[in-house]
Amino acid sequence: MANDLRLEDCVNTHCPWSGDPVSADSLTRYQGKVVGFCNPGCRDKFEKAASHFDAVIEGKK
């Protein structure tokens, strides 16, 4: 999944969870944008939280 994501396309420079600089191995796509995190754990935490909130907003939960 992350192999098509590039650090230079990232909309942020620092992890929203930790405040540390983003890492090329910790990128995800959210709402069409590349979002970066400092490590895969922070990325995975974001993906889980985002999918939960997206489901609630879309009325699926």
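This chain uses plain numbering: 1 for the first residue, then up along the sequence.
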* Asked: So, the side chain of Arg43 versus the backbone of Val35: is there a donor-acceptor pair under 3.5 Å, distance only?
  -> no
* **Any Asp54 side-chain heavy atom under 4.5 Å of Ser51 side chain** => no
* Minimum heavy-atom distance Gly36-Pro16, with the two atoms named -> O-CD, 3.6 Å
* Separation of Asp20 CG from Phe37 CZ (nearest 0.5 Å) -> 13.0 Å
* Asked: What is the distance from atom SG of Cys42 to atom CH2 of Trp17, rounded to the nearest 0.5 Å?
  -> 8.0 Å
* How long is the gap from CZ on Phe46 to SG on Cys15, to the nearest 0.5 Å? -> 10.5 Å
* Are Phe53 and Val11 connected in a single hydrophobic cluster, I mean Ile/Leu/Val/Met/Phe/Trp/Tyr linked by side-chain heavy atoms less than 4.5 Å apart? -> no
* Residue pair Leu5 / Arg29, side-chain heavy-atom distance below 4.5 Å -> yes
* Look at atom OH of Tyr30 and say whether more than 12 heavy atoms of other residues, nucleotides or ligands are closer to it than 6.0 Å. => yes
* **4.5 Å side-chain heavy-atom contact, Pro40 and Asp25** => yes
